[in-house]
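Here the structure comes first, spelled out in structure tokens, and everything after it is commentary.
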Amino acid sequence: MPKPQVVLITKADCHLCADARDAVGRVTASLGLEWAEQPVDQLPELRDRYAEEIPVVLVDGIQRDFWKIDEARLERALRRAMAE
């Protein structure tokens with residue numbers, strides 16, 4: 001079973017980012033997956049691309065959610081990615 005790459009894009013002083021970390025952590029833990037956090041504060045290309053949408057969840061490089069992370073939607077996306 002392939003393991004999808006999960007990345008949470010965040011920025012400093014972002015109250016939604018703290019909630020997103022918790023949500024992504026719960027979902028990935030329930031599926032036995034790991035995830036990474038990528039802060040945009042020092043990456044202009046990410047900051048420019050996602051400026052108005054942070055936090056953003058990427059699954060295998062594809063944006064799956066932003067602002068308030070929907071745990072059920074993220075779980076479905078990860079299960080689909082794992083089944084491919």
Under the salt bridge (Lys or Arg N to Asp or Glu O under 4.0 Å) test, residues paired with [X] that sit two or more places apart:
| X | value |
| --- | --- |
| Arg76 | none |
| Arg80 | none |
| Arg21 | Glu37 |

Tell me the closest heavy-atom pair linking Asp41 and Ala12, and the distance in Å.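 The pair with the smallest heavy-atom distance is OD2-N, 3.0 Å.
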
Determine the minimum heavy-atom distance between Ile69 and Pro55, stating which atoms define it.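 Reported closest heavy-atom pair: CD1-O, 4.5 Å.
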
Do Arg49 and Glu45 sit within salt-bridge range, that is, some charged N less than 4.0 Å from a carboxylate O?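 Salt bridge between Arg49 and Glu45, a charged N being under 4.0 Å from a carboxylate O: no.
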
Mind checking the [atom1]-[atom2] spacing from [X] to [Y]? Nearest 0.5 Å is all I need.
| X | Y | atom1 | atom2 | value |
| --- | --- | --- | --- | --- |
| Arg79 | Leu31 | CZ | CG | 5.0 Å |
| Thr28 | Lys3 | OG1 | NZ | 10.5 Å |
| Thr10 | Gln38 | OG1 | CD | 8.0 Å |

According to disulfide (SG to SG under 2.5 Å), does anything in [range] pair up with another residue at least two apart or in another chain? List the pairs.
| range | result |
| --- | --- |
| residues 37-84 | none |
| residues 40-84 | none |
| residues 49-84 | none |
| residues 10-84 | Cys14-Cys17 |

Trp67 side chain to Glu52 backbone, donor-acceptor under 3.5 Å: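 Judged by distance alone, yes, a pair lies under 3.5 Å.
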
Mind checking what makes side-chain contact (heavy atoms from CB on, under 4.5 Å) contact with Asp19, not counting sequence neighbours?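 So Asp19 forms no side-chain contact (heavy atoms from CB on, under 4.5 Å) with any residue.
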
Going by side-chain contact (heavy atoms from CB on, under 4.5 Å), name the residues that satisfy it together with Tyr50, two or more places apart in sequence or in a different chain.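 In terms of side-chain contact (heavy atoms from CB on, under 4.5 Å), with neighbours along the sequence ignored, Tyr50 is linked to Ile9, Leu46, Glu53, Ile54, Val56, Leu58, Gln63.
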
Do Leu74 and Asp65 touch side chain to side chain, with heavy atoms closer than 4.5 Å?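 No, too far: nothing below the 4.5 Å cut-off.
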
Treat each ILVMFWY residue as a node, draw an edge where side-chain heavy atoms are under 4.5 Å apart, and state whether [X] and [Y] are in one component.
| X | Y | result |
| --- | --- | --- |
| Leu43 | Trp35 | no |
| Met82 | Val7 | no |
| Leu8 | Leu33 | yes |

Arg47: which residues meet the side-chain hydrogen bond (donor to acceptor under 3.5 Å, both in side chains) condition with it, sequence neighbours left out?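 side-chain hydrogen bond (donor to acceptor under 3.5 Å, both in side chains) list for Arg47, sorted by chain: empty.
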
With sequence neighbours excluded, what pairs up with Gln5 under the side-chain hydrogen bond (donor to acceptor under 3.5 Å, both in side chains) test?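 Per chain and number, Gln5 pairs via side-chain hydrogen bond (donor to acceptor under 3.5 Å, both in side chains) with no residue.
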
